[in-house]
Amino acid sequence: QVQLVESGGGLVQAGGSLRLSCTASKGTFTNYGLAWFRQAPRKEREFVAALRWSGGRTYYAESVKGRFTVSRDNAKNTVYLQMNSLKPEDTAVYYCAAGYMSGSPTIERGYTYWGQGTQVTVSS
């Protein structure tokens, strides 16, 4: 059993940066792929970024490529999402997820454990 706790959300102006963190308060990330999803008001949850355990390959949604970076610190059992050049359309609740990532890393059902979410609001 893994429990995930996100932090680092907040209010930022367009063009600014935030770094989200997701820590395993119970369990570890060992052998799990890790991902970030987000859900904006009145929209479905969507894939943002992912990081495979084996090899560390990363994946990004087209809308965040070149602006967001996903990384992990195994010693701290923490995954990060560095978000730069933020836009108002990045406003959403951001969720981290962990799992064996069966199939495409962009699909929710590939992840077993989810955090409670952290709000990111980007003002124009």
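- Panel note: side chain T118, backbone G9; a donor-acceptor pair is recorded below 3.5 Å.
- In this structure, E6 and L20 have side chains that are not in contact, with every pair of non-hydrogen atoms separated by 4.5 Å or more.
- The OG1 atom of T91 sits 8.5 Å away from the CG atom of L86 when rounded to the nearest 0.5 Å.
- Residues satisfying the ring-ring contact (aromatic ring centres under 6.0 Å, His included) test with Y80, not counting sequence neighbours, are none.
- Y60 places a side-chain heavy atom less than 4.5 Å from the side chain of V70.
- Of the candidates T58, D90, N84, D90 is the only one forming a side chain to side chain contact (heavy atoms under 4.5 Å, CB included) with F68.
- Side-chain N/O atoms of T78 and T23 include a donor and acceptor closer than 3.5 Å.
- The hydrophobic cluster containing I107 does not contain Y113, counting ILVMFWY residues as joined when their side-chain heavy atoms lie under 4.5 angstrom apart, directly or transitively.
- By the side chain to side chain contact (heavy atoms under 4.5 Å, CB included) test, A50 pairs with A35, F47, Y59, M101, P105, Y111, sequence neighbours left out.
- In this structure, the side chains of L81 and R38 stay at 4.5 Å or more apart for every pair of heavy atoms.
- Put simply, Y94 and L51 are part of the same group of oily side chains (I, L, V, M, F, W, Y) that touch within less than 4.5 Å, one to the next.
- To the nearest 0.5 Å, atoms CD (Q39) and CD (Q119) are separated by 10.5 Å.
- Between W114 and F37, the ring-plane angle classifies as tilted under the 30° and 60° cut-offs.
- In this structure a side-chain-to-backbone donor-acceptor pair under 3.5 Å is present from N77 to F29.
- Taking hydrophobic clusters as Ile, Leu, Val, Met, Phe, Trp and Tyr residues chained together by side-chain heavy-atom distances below 4.5 Å, V122 does not share a cluster with Y95.
- Counting heavy atoms from C-beta outward, W36 and V79 have side chains that approach closer than 4.5 Å.
- W53 has its side chain out of reach of L34: every pair of non-hydrogen atoms, C-beta onward, lies at least 4.5 Å apart.
- For the side chain to side chain contact (heavy atoms under 4.5 Å, CB included) test, residues two or more places apart in sequence or in another chain that qualify with S123 are L11, Q13.
- A distance of 7.0 Å separates CZ in R67 from OG in S85, rounded to the nearest 0.5 Å.
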For this session: Take M83 and V48, measure what side-chain contact (heavy atoms from CB on, under 4.5 Å) needs, and give me the verdict at the end.
Result: CA-CA 11 Å; M83 305 186 295; V48 175; over 6 Å; no
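- We find the OG-CZ distance between S21 and R72 to be 14.0 Å, quoted to the nearest 0.5 Å.
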